[in-house]
Amino acid sequence: MTTKPSTRTATGRGLTTGTLVAGLLAVCLAQIGLAIPATLNGLFQSDLHPVGSQLTWISDAFLLPVAVLELTFGLLGDLFGRKRLLIGGASLLAAGELVSATASGIHQLWAGQALAGLGAAALFPTSLAILAAGTTSPAQRARVIAMWAALLSTGGFLAPLLGGITATYGSWRWSFVVVTAIAAASAAVSALFAVNSSAPAGRSLDVAGQLTIGLGLFSLLYAIIQGPTDGWASPSIIIAFALAAVFLAAFVLAEKRAKSPLLRLDLFRNRAFAVASVVAVVGMFAFLGTAYSVSIRLGPVQDQAPMRTALAFVLLNGITLVMLPLTERLLRTAAPGLLLGAGLLLIAAGDYWAATLPITDSAFTSLILPLGLVGLGFAITVSSITATAVNTVPVHLAGMASATTNLLRDFGFTLGPAIIGAVALSRAASNFSDSLHDSALPGALKGAGTAVLDEGGPLAVNGASTTSPKLADLHPLALDALGHGYSIGFVVCGSAALFSALLALITLRSRAAPHTDSTQH
């Protein structure tokens, strides 16, 4: 790869300023798109009136294509050039957000978010791969990875601020309009200034691998999300779990036989990479499960202003940017197990603390310390996962390693709303039903409450009892049930983070020597 000397920066001799800016803007854009719906859940509930699991599907409509297609987009970037993927991904994301902005109902919003998620699936792995390919030493790669992770979190806290401001002074639709404009700018910057890179040697499309992993992950997520609504013992859910097991097993077999596999399973023979992969799924599930619980607590349950949710997400994501200088130094000097373990222990502590907060406590100050702990833990963990995984493979495998790491991280993200929504809503529905049965409320009101619960779930009961005077006596029961359900959600997230921390501390006791490879692409 040749570059003009005037465009090089101190970040690395092979990494131009234009490529650096394009890659960092792309990952920031992708994370803004991923995080923006969480701030708006309360407004979606009041405006579009989703029932059952429909609210969860808004977030996972974006996350599902990200989780399913990241490996393929990492491969396409290696084959056809990463610059093209940056431009195309930003363009798809812009189109999807425009569809979302004009949504007249929940189904169009799902479609828009799915299209935007398709664009983000290209941006997440490609942005890291194009940056990593331009570096020339482990220290430079650590610096770039820390910057990439910081911009990832920058997008995470800019999204709720954007959502809060536009929702307060306009409409939730304007949030998507602004993201459309940012996506157009990202596509333009990549087209004008990014320097292309690729690694086509020995790579080819793996159709069998893509089909099996796509169908497997979709079946699994469908079963988890729809379980509370359809019933865990219903035929559709049992079939979905069975299909998930079959397709994921078929994916492993397909990858073992493929001449150019979508995912090289031998990467997992590296202990550091394998552990980082497990932690990426479980740890990131804990983080986004926490974020989703907070968004539902402040939005649909407590009906607080969007800016409250925005401030909460600043705590969860903004600390990573502040921590950038320290994170960069830690990535070069500290053992990966210690970093991962410490970060995940902080997430666990914050979650367990948040679980103790009563749902009737609407003071934002009560959330500052527990969410601050989770945000600090995430700042340490997200960089450590990426560095541990990517730095243990040669540079010519950076595209596959970054795509795999992003897939696992974002699959963990996808599981967050899915599992926490399923656990919390199932528990809340059971608690509300039991409390309603044992209450001294009139029979007609009990019947109305049961009907609303059966039709739309506990969130629908909470919303209806807030707006309808006839159902007002149901509100304390619904609020208490939802508070208990999402407290269990925090406990589940904390336990997942604790498990990941112990795994990292036990299995990654020493600092792994990073793979060095000066091959340029």
Side-chain angles (χ1 to χ4, degrees), residues 40-59 105-107 109 172 225-234 236-237 292-306 308-309 354-363 366 417 419-492:
L40 307 173
N41 275 326
L43 298 177
F44 295 149
Q45 184 71 40
S46 61
D47 191 7
L48 301 177
H49 308 293
V51 297
S53 60
Q54 288 183 340
L55 189 63
T56 303
W57 275 114
I58 296 174
S59 292
I106 196 73
H107 296 92
L109 184 56
W172 57 265
I225 294 173
Q226 288 297 123
T229 301
D230 297 350
W232 293 106
S234 64
S236 62
I237 300 303
Y292 183 74
S293 295
V294 170
S295 74
I296 299 298
R297 174 190 173 96
L298 296 179
V301 178
Q302 293 185 337
D303 196 27
Q304 297 204 45
R308 282 286 185 94
T309 307
T356 67
L357 300 177
I359 195 63
T360 53
D361 183 359
S362 59
S366 301
I419 292 178
I420 297 307
V423 169
L425 291 177
S426 294
R427 189 63 180 174
S430 177
N431 279 6
F432 176 78
S433 182
D434 291 343
S435 298
L436 185 64
H437 179 270
D438 296 338
S439 71
L441 295 175
L445 186 56
K446 287 184 177 182
T450 300
V452 176
L453 179 68
D454 292 341
E455 176 67 24
L459 285 173
V461 178
N462 187 67
S465 62
T466 302
T467 57
S468 173
K470 295 181 179 179
L471 302 177
D473 288 340
L474 297 175
H475 186 65
L477 300 181
L479 186 65
D480 182 71
L482 287 166
H484 184 69
Y486 282 96
S487 290
I488 292 177
F490 283 123
V491 171
V492 171

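Quick caveat, the model's predicted, so the values are computed rather than measured.
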**Student:** So, do Pro458 and Leu453 sit near enough that their side-chain heavy atoms are less than 4.5 Å apart?
**Tutor:** yes
**Student:** With a cut-off of 3.5 Å and sequence neighbours excluded, list every side-chain donor-acceptor pair involving residues 296-306.
**Tutor:**
unit_1: Arg297; atom_1: NH2; unit_2: Pro358; atom_2: O; d: 2.9
unit_1: Arg297; atom_1: NH2; unit_2: Asp361; atom_2: O; d: 3.1
unit_1: Gln302; atom_1: OE1; unit_2: Gln304; atom_2: NE2; d: 2.5
unit_1: Gln302; atom_1: NE2; unit_2: Ile359; atom_2: O; d: 2.7
unit_1: Gln302; atom_1: NE2; unit_2: Asp361; atom_2: O; d: 3.2
unit_1: Gln304; atom_1: OE1; unit_2: Arg308; atom_2: NH1; d: 2.4
unit_1: Gln304; atom_1: NE2; unit_2: Ser362; atom_2: O; d: 3.3

**Student:** For Ala478 and Val461, which heavy atoms make the closest approach, and how far apart are they?
**Tutor:** CB-CG1, 3.9 Å
**Student:** Between Ser435 and Leu477, what is the shortest heavy-atom contact and its length?
**Tutor:** CB-CD2, 4.0 Å
**Student:** Pairs under 3.5 angstrom only: tabulate donor-acceptor contacts from the side chains of residues 421-431 to other protein residues two or more places apart or in another chain.
**Tutor:**
unit_1: Ser426; atom_1: OG; unit_2: Ala422; atom_2: O; d: 2.7

**Student:** Please identify each residue that fulfils side-chain contact (heavy atoms from CB on, under 4.5 Å) with Ala355, with sequence neighbours left out.
**Tutor:** Phe490, Val491
**Student:** Distance from Leu445 atom CG to Ser439 atom OG, nearest 0.5 Å?
**Tutor:** 7.5 Å
**Student:** Could you give the distance from CD (Gln54) to CG (Leu109), rounded to the nearest 0.5 Å?
**Tutor:** 10.5 Å
**Student:** First locate atom CG of Asp230, then atom OG of Ser236, and finally report the distance between them rounded to the nearest 0.5 Å.
**Tutor:** 4.5 Å
**Student:** Does any non-hydrogen side-chain atom of Leu436 lie less than 4.5 Å from one of Ser433?
**Tutor:** no
**Student:** Between Trp172 and Phe44, how do the two ring planes meet: parallel, tilted or perpendicular, split at 30° and 60°?
**Tutor:** perpendicular
**Student:** Nearest heavy-atom pair of His475 and Asn462: which atoms, and what distance?
**Tutor:** CE1-OD1, 3.1 Å
**Student:** Counting C-beta onward and ignoring hydrogens, is there a side-chain heavy-atom pair between His484 and Ile488 closer than 4.5 Å?
**Tutor:** yes
**Student:** Identify the heavy atoms of Leu474 and Phe432 that sit nearest to each other, and give their distance.
**Tutor:** O-CE1, 4.0 Å
**Student:** First locate atom CG of Asn41, then atom OG1 of Thr309, and finally report the distance between them rounded to the nearest 0.5 Å.
**Tutor:** 8.5 Å
**Student:** Could you measure the distance from the CG atom of Leu55 to the CG atom of Leu40? Nearest 0.5 Å is fine.
**Tutor:** 10.5 Å
**Student:** Could you measure the distance from the OG1 atom of Thr56 to the CD1 atom of Ile419? Nearest 0.5 Å is fine.
**Tutor:** 12.0 Å
